[in-house]
Amino acid sequence: MIPNPFADSALDSRRSFLQKSLALTGALCNGAVIQDVVAAAGRKSSRPAKLIVRQKSPLNAEPPIADLIESWFTPTPEFYVRNHGSIPKLAEETFRLKIEGLVRKPLTLSLRELTRRFRATAAVATMTCAGNRRYEHSKVKKVGGVQWQEGAIGNARWQGVRLSDVLKPAGLKPEAKHVWFDGLDEIDHKGKTISFGGSIPLAKAMGDSKTMPGALLCTQMNGKPLTPEHGAPLRAVVPGYIGARSVKWLGRIVVSDRPSPNHYVAGAYKIITEGVKLELAEAGPIYRMPLNAAICTPAAGSTLKAGSVRVSGYALPPGRPGRTVARVELSSDGGRTFRPAKITSARREYCWVLWTADVPVSAKTKQFIVRCVDSAGHVQPQTVPWNMKGYMYNAWHRVPVSVR
Ligand SMILES: Nc1nc2c(c(=O)[nH]1)N[C@H]1C(S)=C(S)[C@@H](COP(=O)(O)O)O[C@H]1N2
Ligand SMILES: [Mo]
């Protein structure tokens, strides 16, 4: 049995999260770390975290969005959980990571070997599910899968080792082009038991940006060992890519000349509209997360007083190297005019920003709309085409309100 992480006192776990984070500040003389910890400590409320369970088994849950934007770092108890199967309980002592495929020297590493042999690395990155905001696709025509609202997203400090450092001693063969990740969870799929797999191009695995270390093999999240539901004892974290590529309970890495044949690479996480075999064969896997933004307060359906209203939310840059969020804009007149919001957090590659805007409202105001623009001038789309699996919904986010 896995203890329910949401049942115990989240307040205590938040306290110890902050204590551990502060201990970490003492240990590392790194300006970025100190700033991040200050940002985490600046969290406004100590309300116990409660995730909204969208599915009990397998467990799929997202935080209420008003809580989500209380801090730039998402405390682990408030971080969405996305599982395709049961949460495996893996003993640290017997856990082994295998590295095979197009390598000169296949490796089998214990957790100890992994963390002792390779240099410790940390990165802050936002994780988001390709199905975040999926329920909006369902408004057009019902799509399958967990009906996520805007909460299948979170920002965390991930600690572990660089995948590139681990691949070096294994010795890459010249044909190597892709890296597969295999999870140790067991998933019922059409009467068979399969594992959850991911796949990323080798160039992404080795590092694609000036500021980020490429893919990580993580043992910690927010300064504490990974919890079972977030992949303990080891998970991949691929900054900038959809969450599905950050395989939890990582047991095997395979270097290959092609993407993984695992169902979650070859058969799911593709943009399709008909679901026929040819369409699936033609569509490539989704890798990067899309430019996106959402209003988190006020809640949809709120009744507001005429005057000025504080609107707040998050915005996410697309998962391309070097891209950040340049502007966030709000409209209260149905999208005719937009005003800039104030970005209140750090702006980093592969990380969300938090923002607020004071917006004048009158009896005529029917909704707020947010859209954002990235540092290359790309504007979040007004609408997006429907797709069968409800992936990558990133149209302007509209929140209906009434004003008295
Ligand atoms: N082994 C395994 N890894 C997995 C999954 C899974 O079901 N099994 N879900 C993936 C998906 S779709 C997402 S969005 C992220 C979510 O990570 P989290 O639950 O830590 O938020 O994990 C990914 N890694
Ligand atoms: Mo996901």
Side-chain angles (χ1 to χ4, degrees), residues 2 5-6 49 51-55 57-63 68 74-90 95 97 125-134 143-148 151-158 160 180-189 193-200 215-222 224-253 260 262-265 267-270 285-290 292 316 319 389-393:
I2 304 289
F6 317 122
L51 295 191
I52 303 162
V53 176
R54 298 264 173 241
Q55 194 181 353
S57 180
L59 177 65
N60 282 288
E62 65 182 305
L68 181 63
T74 311
T76 306
E78 278 165 51
F79 206 97
Y80 79 98
V81 176
R82 203 285 177 252
N83 297 317
H84 291 77
S86 58
I87 298 172
K89 200 175 181 191
L90 305 169
F95 177 87
L97 171 69
T126 295
M127 175 102 51
T128 189
C129 185
N132 191 34
R133 302 184 63 195
R134 173 180 280 142
V143 293
V146 181
Q147 298 298 301
W148 298 113
I153 186 168
N155 190 50
R157 168 179 297 283
W158 306 100
W180 308 352
F181 300 125
D182 278 335
L184 295 165
D185 44 345
E186 293 180 343
I187 302 164
D188 284 337
H189 180 73
T193 302
I194 63 167
S195 67
F196 187 91
S199 194
I200 62 172
L216 294 180
L217 306 180
C218 293
T219 52
Q220 295 195 19
M221 175 179 183
N222 290 329
K224 275 188 173 181
L226 283 171
T227 57
E229 64 281 2
H230 292 294
L234 187 72
R235 81 176 297 173
V237 170
V238 187
Y241 276 14
I242 58 164
R245 308 308 174 212
S246 292
V247 173
K248 303 192 275 191
W249 314 293
L250 180 65
R252 193 167 73 123
I253 294 172
S260 168
N262 183 279
H263 169 70
Y264 297 96
V265 179
Y269 295 101
K270 291 184 171 195
I286 302 169
Y287 291 117
R288 291 188 295 259
M289 50 202 199
N292 212 339
L316 181 72
K389 300 287 197 80
Y391 295 135
M392 308 290 265
Y393 194 92

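Heavy-atom basis, side chains included; hydrogens, waters and symmetry copies ignored. Order of listing sets the numbers, starting from 1, for every ligand and every atom in it.
Within 4.0 Å of ligand 1, the residues that place a heavy atom are Phe79, Tyr80, Val81, Arg82, Asn83, His84, Cys129, Gly183, Asp185, Phe196, His230, Arg235, Gly243, Ala244, Ser246, Val247, Lys248, Trp249, Tyr269, listed by chain and number.
Counting heavy atoms of neighbouring residues, nucleotides and ligands inside a 6.0 Å radius, atom CD of Gln55 exceeds 12 of them.
Checking Leu184, Leu90, Leu217 one by one against Leu234, the side-chain contact (heavy atoms from CB on, under 4.5 Å) holds for a single residue, Leu217.
Here Arg133 pairs with Glu136 under the salt bridge (Lys or Arg N to Asp or Glu O under 4.0 Å) rule; sequence neighbours left out. Listed by chain and number, the residues in a ring-ring contact (aromatic ring centres under 6.0 Å, His included) with His84 are Phe196, Tyr264 (sequence neighbours excluded). For Tyr287, the ring-ring contact (aromatic ring centres under 6.0 Å, His included) test picks out Tyr241, with sequence neighbours left out.
Between His263 and His189, the angle of the ring planes lies from 30° to 60°, which puts this pair in the tilted group.
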